[in-house]
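Here is the structure we will look at, set down as structure tokens.
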Amino acid sequence: MVIQQNLTISEKLKILTDAAKYDVACTSSGVGRKGKTGSLGNAVEAGICHSFSADGRCISLLKILFTNQCIYDCKYCINRCSNDTVRTAFTPEEVCRLTIEFYRRNYIEGLFLSSGVFYSADYTMEQIYQAVYMLRTSYHFNGYIHIKAIPGASAELIERIGFLADRMSVNLELPTAEGLKRLAPGKTREKILKPMRQIQQGIHSQILLKGEENRLLHGKGREGFAGGASLFQPSASREDFSLETDEARETRSEYKFLSPQKIQRDRVFVPAGQSTQMIVGATPENDYQMIKVTEALYRSYGLKRVFFSAFVPVNYDSDLPALPGGPPLLREHRLYQADWLLRFYGFQADELLTEENPNFNIFLDPKCDWAIRHLEKFPIEINRADYPTLLRVPGIGVKSARRIIAARKSCPLDFPALKKLGVVLKRASYFITCSGKMQEGVRLEQDFITSGLIGEERRKAWDITHSDTYRQLSLFDDMNLEVLPSKEDLQAAAGGNF
């Protein structure tokens with residue numbers, strides 16, 4: 001591979017933005033930092049990237065690779081070393097100029113910087129560090145920065161970049177070590193988990209340090225920690241059998257925060273937390289395995305978010321799936337819905353799927369599917385159910401559940417009132433009662449509810465894939481027969497002789 005040195009910055013930008021499109025980054029920044037005199041930009045907790053934030057804003061992010069050259073030959077990656085493609089790289093100065101000029105023109109609100117592995121992991125991370133350091137110090141850029149850490153880079157480089165970036169992420173790539181070995185032979189699970197563990201330990205140590213400072217300042221005990229360890233739900237000592245080897249467990253204690261004394265008042269270590277990404281559909285793992293690994297990452301590594309990326313066949317290789325129906329976008333969507341249930345609705349992976357039922361329903365979202373399979377828990381009385389129970393009802397989200405708790409203190413709620421509170425009655429009405437009464441015309445029967453939730457346009461497809469499910473016959477039921485009537489049959493029917 002030869003780096004093209006004679007390209008203009010515009011030509012490099014075109015190549016390296018296109019090469020970065022497979023890195024998922026549509027997330028809220030998770031950090032709020034106001035602008036200040038002498039600096040450019042700020043960071044808003046509501047969000048960054050080309051996405052819609054919680055407050056309804058459409059926001060943007062400069063998303064580029066530092067280089068598309070890579071020493072690895074990952075079979076699913078467009079930038080693998082065996083591909084014949086134009087290779088180029090930015091300089092740290094060019095990354096700074098692009099970021100500042102795009103920000104000044106109001107095109108972006110932050111930077112997402114990833115990279116192929118250029119010569120070595122340490123060399124690549126050193127180049128990224130120089131770019132981010134210049135942005136923060138020479139250009140005084142105070143906006144949001146998300147950095148993809150390179151597996152195999154030294155702990156010192158990870159720490160130095162962590163004090164400059166708002167969020168860091170290390171791509172897990174594939175859910176199992178076997179899949180990684182087959183499709184990404186140059187990478188190992190240990191190389192990926194090592195920086196992930198270090199970032200977690202750094203964030204955790206900083207929380208403890210902040211709590212200790214508050215304790216000394218206010219004269220309180222450990223129970224007075226502001227943002228103390230009790231808020232850091234995942235435990236660093238929790239065993240993670242699905243991700244770590246025995247050797248990794250024995251040595252992970254070394255990934256402690258190297259120098260908490262370096263913390264400054266205006267710069268903390270990865271304040272927006274860390275995330276990761278997994279490819280969906282490149283290897284034969286089922287949804288149950290994917291969601292179990294996701295749950296383990298949240299519990300054991302304290303991740304803010306796990307992203308899923310539907311496999312796009314950009315290379316031809318016998319080890320890659322053909323995917324005649326295209327990228328598994330619906331499967332990716334279901335995994336995101338399940339991820340939301342894990343993070344905000346109190347569900348566990350084993351509640352959503354099992355080894356006997358390892359894949360999500362293509363016609364129903366995971367919450368509706370769970371509710372239909374557990375009708376013994378319904379209906380619930382909307383005027384008495386507690387908050388966790390309300391969250392289990394399809395059509396009731398976090399905001400509407402909180403509104404219900406607050407509104408019913410003044411008066412009993414009925415169905416029109418629930419609609420005003422934001423409840424989606426098209427789904428929720430099958431599972432709730434108001435003052436002991438269900439909505440008129442609703443029956444707590446599995447087939448009735450399933451039919452209503454799926455909708456008329458998908459009922460035939462449901463019948464075909466679930467032929468063993470009981471359903472009452474209809475006068476207009478064609479029994480899914482696709483054979484058209486003959487000409488003689490049509491003539492007989494027209495003449496009343498059929």
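Judged by distance alone, with hydrogens and angles left aside, the side-chain atoms of Asp369 form no donor-acceptor pair with the main-chain N or O of Leu364 at under 3.5 Å. Side chain of Tyr301 to backbone of Leu193: no donor-acceptor contact under 3.5 angstrom is found. Put simply, the side chain of Asn171 never gets that close to the backbone of Glu173: no donor and acceptor are under 3.5 Å apart. At least one donor-acceptor pair under 3.5 Å links the side chain of Arg167 to the backbone N or O of Ala272. The closest donor-acceptor contact from the side chain of Ser205 to the backbone of Gly202 lies at 3.5 Å or more, if one exists at all. Thr124 places no side-chain N or O within 3.5 Å of a backbone atom of Val117 that could act as its donor or acceptor partner. Remark: side-chain polar atoms of Lys367 are paired, donor with acceptor, to backbone N or O of Val393 under 3.5 angstrom. In terms of modelled atom types and a separation under 3.5 Å, the side chain of Tyr336 and the main chain of Phe308 share a donor-acceptor contact.
For the atom pair Gln337 CD and Asp339 CG, the distance stands at 10.5 Å (nearest 0.5 Å). Between the CG atom in Asp122 and the CD1 atom in Ile158 there is a gap of 9.0 Å [rounded to 0.5 Å]. The line from CG of Leu391 to CG of Leu341 is 10.0 Å long, rounded to the nearest 0.5 Å. From Phe118, atom CZ reaches atom CD1 of Ile150 across 12.5 Å, with rounding to the nearest 0.5 Å. Atom CZ of Arg373 is separated from atom CG of Leu352 by 7.5 Å, given to the nearest 0.5 angstrom. In this structure, Ile9 CD1 and Phe90 CZ are separated by 6.0 Å, a value rounded to the nearest 0.5 Å.
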Subject >> Derivation and outcome, side chain to side chain contact (heavy atoms under 4.5 Å, CB included), residues Arg343 and Arg305 >> reply: CA-CA 9 Å; Arg343 290 188 294 135; Arg305 188 78 185 271; 3.1 Å; yes

**OP:** Give the C-alpha distance, both sets of side-chain angles, the deciding distance and a yes or no for side chain to side chain contact (heavy atoms under 4.5 Å, CB included) between Thr294 and Leu335.
**Re:** CA-CA 10 Å; Thr294 300; Leu335 286 168; over 6 Å; no

Original post:
When you look at Leu180 and Ile192, which way does the side chain to side chain contact (heavy atoms under 4.5 Å, CB included) test go after all the steps?
Top reply: CA-CA 11 Å; Leu180 196 66; Ile192 294 172; 3.8 Å; yes

**OP:** Apply salt bridge (charged side-chain N to carboxylate O under 4.0 Å, His left out) to the pair Arg136 and Asp166, showing each step before the final yes or no.
**Re:** CA-CA 12 Å; Arg136 293 298 195 199; Asp166 293 298; 3.2 Å; yes

Subject >> Stepwise side chain to side chain contact (heavy atoms under 4.5 Å, CB included) test for Leu135 and Ile100 >> reply: CA-CA 8 Å; Leu135 266 176; Ile100 297 303; 4.0 Å; yes

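Judged as a ring-ring contact (aromatic ring centres under 6.0 Å, His included), and not counting sequence neighbours, the contacts of Phe344 are Trp340. Asn286 meets the side-chain contact (heavy atoms from CB on, under 4.5 Å) test with Tyr288, Gln289, Pro358, Asn359; sequence neighbours excluded. Partners of Arg402 under the salt bridge (charged side-chain N to carboxylate O under 4.0 Å, His left out) rule, at least two apart in sequence or in another chain, do not exist in this structure. Among residues two or more places apart in sequence or in another chain, the ring-ring contact (aromatic ring centres under 6.0 Å, His included) test is passed with Tyr133 by Tyr129. Remark: His374 pairs with Trp370 by the ring-ring contact (aromatic ring centres under 6.0 Å, His included) rule, at least two apart or across chains. Applying the salt bridge (charged side-chain N to carboxylate O under 4.0 Å, His left out) rule to Asp287 yields the partners Arg331; only residues at least two apart in sequence or on another chain are considered. Scanning for salt bridge (charged side-chain N to carboxylate O under 4.0 Å, His left out) contacts around Lys304 gives an empty result, with sequence neighbours left out. Checked against salt bridge (charged side-chain N to carboxylate O under 4.0 Å, His left out), Glu101 has the following partners two or more places apart in sequence or in another chain: Arg104, Arg105. With sequence neighbours left out, the ring-ring contact (aromatic ring centres under 6.0 Å, His included) criterion links Phe102 to Tyr107. Partners of Gln130 by side-chain contact (heavy atoms from CB on, under 4.5 Å), not counting sequence neighbours, listed by chain and number: Pro92, Glu126, Gln127. Scanning for side-chain hydrogen bond (donor to acceptor under 3.5 Å, both in side chains) contacts around Thr283 gives Glu285, with sequence neighbours left out.
Contact between Val314 and Tyr76 at its shortest, heavy atoms only, is CG2-O, 3.6 Å. Across every non-hydrogen atom of Pro328 and Ala310, the tightest pair is O-CB, 3.8 Å. In terms of heavy-atom proximity, Pro185 sits nearest to Arg182 at CD-O, 4.5 Å. Between Pro394 and Ala371, the shortest heavy-atom contact is CG-CB, 3.6 Å. For Val170 against Ala149, the heavy-atom pair with the smallest separation is CG2-CB, 3.8 Å. Across all non-hydrogen atoms, the minimal contact from Tyr139 to Cys96 is CE1-CB, 3.5 Å.
Within the structure, every pair that satisfies the side chain to side chain donor-acceptor pair (under 3.5 Å) test and touches residues 312-327, not counting sequence neighbours, is listed here: Lys75-Asp319, Asn83-Asn315.
Between Cys74 and Lys187 there is a side-chain heavy-atom pair separated by less than 4.5 Å. With a 4.5 Å cut-off on side-chain heavy atoms, Lys63 and Thr17 do not count as touching. At least one side-chain heavy atom of Val293 sits under 4.5 Å from a side-chain heavy atom of Leu172. Put simply, the side chain of Thr67 does not reach to within 4.5 Å of the side chain of Arg87, judged on heavy atoms. Using a 4.5 Å heavy-atom threshold, the side chains of Leu297 and Met196 count as touching. The closest side-chain heavy-atom distance from Asp365 to Arg334 is below 4.5 Å. Taking 4.5 Å as the limit, some side-chain heavy atom of Gln348 sits within range of a side-chain heavy atom of Glu295. The closest side-chain heavy-atom distance from Ile145 to Leu164 is not below 4.5 Å.
Judged by the 6.0 Å distance and 45° axis criteria, Arg392 is not positioned over the aromatic ring of Tyr345.
Taking the charged nitrogens against the carboxylate oxygens, Glu93 and Arg97 have no contact shorter than 4.0 Å, which rules out a salt bridge.
Within 6.0 Å of atom CG in Asp386, more than 12 heavy atoms from other residues, nucleotides or ligands are found, so the atom counts as buried in its surroundings.
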